Protein chains: 2
Amino acid sequence: MNAISDEIKEDYNFISDSLVDIYDQIMRIEESEIKKSRFKDITAKELHLVHTIGLHDHKTTSEVARILRLSKGTLTANLNNLERKGYISRISNQRDRRIINLALTSKGRLLYRAHYAFHRKLVEQCLKGFDGSDIKKMKQALMNVEDFIGEVSGR
Amino acid sequence: MNAISDEIKEDYNFISDSLVDIYDQIMRIEESEIKKSRFKDITAKELHLVHTIGLHDHKTTSEVARILRLSKGTLTANLNNLERKGYISRISNQRDRRIINLALTSKGRLLYRAHYAFHRKLVEQCLKGFDGSDIKKMKQALMNVEDFIGEVSGR
DNA sequence: CAGAATAGTTTGATATTCAAACTAATATGG
DNA sequence: CCATATTAGTTTGAATATCAAACTATTCTG
């Protein structure tokens, strides 16, 4: 193995180590930042659930459970909490009365946007000083990861 | 706002959205991949703990609790589980007998390496087709994120 | 229309987490 | 050297989260 591939190997190790640790810290910071705001009663998991419910999708309970890989019972419990705290509302579906569609309340939408703004700030910091072609590379890297995830988890 | 910065804005949105979703999927895949191997009794959280304990560091219980931001009681419970399953061992410190140093058993080290190999595969897939300067950019982006995390969490 | 299938909730058991009390050992300072 | 404070880790009890299975209500299907 020559000097160049040794260097690449080291870079790979650096990137791999870095990734392993960063995510957990980001989750923690998301939660602590959100607790500094007016949304003190929200955990990282709930933030994630609010993000999944989304601004305007009106997804069903089952859809959200599938996306987050939670059992239906667990999701019901989580939704009860978020509803009690005033972040979401359940909308019963008139065309199929078995179905409950989920929506964010105005408070929930504020939380969603605050969370999104945090992520945008993170991305902006991450790509500070990058030009257009650098950013394309980053996109490519993320799409590669998505492909990898798709392959491993059987699409 | 002109066309170029609109495009950058879109790229930022893409990257931001992508990041929000990818991590959770990676955690899930890590766990499901590890469950396909001989290490069927390991959860993603335990994988994370094994990674933190590390191959040769012999960290103390308190150090690990601080790194993972777990209470000491929670960590004791987690360590009991991993010890029972044969992945870690507690080494009582002769110089200060209050201290317990943590080590992976040989089974634990095998798990560590399997997990690390998965991450390396992920990074290799992610950087497929990238040259040396692209990889430098990726490192820079990750260091920027680490800086951001440092700033927000007060170093 | 009867039975199968689906959406969501409830239930009961198990697991996770935390903070506080506790035990044992070491450090401190008078 | 001793009394006290501090530190490391465990135990305990309460709160919370999670799951699978049973259940209810509704819709689909043959």
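Proteins come first, then strands; the chains are lettered A, B, ... in the order of their sequence lines, and each starts at number 1. As the structure is a prediction and not an experimental result, all values here were calculated from the model. What's counted below: heavy atoms across the whole structure, side chains too, no hydrogens, waters or symmetry copies.
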> Take the protein atom CD1 of A/I99 and the nucleotide atom P of C/dA5, then report the distance between them rounded to whole Å.
18 Å

> Check this for me, if you would: do A/E31 and A/R28 make a salt bridge, where the nitrogen-to-carboxylate-oxygen distance has to be below 4.0 angstrom?
no

> May I have the distance from A/I42 (atom CD1) to D/dA17 (atom P), rounded to whole angstrom?
11 Å

> For the helix from C/dC1-D/dG30 to C/dG30-D/dC1, measure the angle between the helix axis at one end and the axis at the other, each built from five pairs, rounding to 10°.
20°

> How does each nucleotide of nucleotides 9-18 of chain C score, in 5' to 3' order, for protein heavy atoms under 4.0 Å: base (B), sugar-phosphate only (S), or none (-)?
BB-----SSB

> Within residues 27-37 of chain A, which residues have any heavy atom lying less than 4.0 Å from an atom of DNA chain C?
none

> Would you say that A/L49 contacts A/L75 through its side chain, given a criterion of any heavy-atom pair below 4.5 Å between the two side chains?
yes

> Consider only side-chain N and O atoms of B/R120 and A/N13, and report whether a donor and an acceptor are under 3.5 Å apart.
yes

> Can you tell me how far C1' of C/dT6 sits from CZ of A/R66, to the nearest Å?
14 Å

> For nucleotides 26-30 of chain D, which of its nitrogen or oxygen atoms have a protein nitrogen or oxygen under 3.5 Å away, and what is each distance?
| unit_1 | atom_1 | unit_2 | atom_2 | d |
| --- | --- | --- | --- | --- |
| D/dT26 | O2 | A/R98 | NH1 | 3.4 |
| D/dT27 | OP1 | A/R97 | N | 2.9 |
| D/dT27 | O4' | A/R98 | NE | 3.3 |

> On a heavy-atom basis, which atom in B/E33 and which in B/F118 lie closest, and how many Å separate them?
CG-CE1, 3.7 Å

> Return yes if some donor-acceptor pair links the side-chain N/O of B/T105 with the main-chain N/O of B/Y87 below 3.5 Å, else return no.
yes

> Test of understanding: with ring-ring contact (aromatic ring centres under 6.0 Å, His included), list the residues that count as partners of A/F130, not counting sequence neighbours.
none

> When you measure from the side-chain N and O atoms of B/S62 to the phosphate of D/dG9, is any distance below 4.0 Å, counting only OP1 and OP2?
yes

> State whether B/D41 and B/K85 are salt-bridged, where the test is any N-O pair (Lys NZ or Arg NE/NH1/NH2 against Asp/Glu carboxylate O) under 4.0 Å.
no

> Where the side chain of A/N81 meets the backbone of A/N78, is there a donor-acceptor pair that is under 3.5 Å apart?
no

> Side chains of A/Y112 and A/I53: does their closest heavy-atom pair fall under 4.5 Å?
no

> Would a distance-only check, ignoring hydrogens and angles, find a side-chain to backbone donor-acceptor pair under 3.5 Å from B/K59 to B/N101?
no

> Side chains of B/Q140 and A/D134: does their closest heavy-atom pair fall under 4.5 Å?
no

> Holding to side-chain hydrogen bond (donor to acceptor under 3.5 Å, both in side chains), I want the full list of residues that pass it with A/H115, two or more places apart in sequence or in another chain.
A/E30, A/H119

> A side-chain contact here means heavy atoms from C-beta on lying under 4.5 Å apart; do A/V145 and B/Q125 qualify?
no

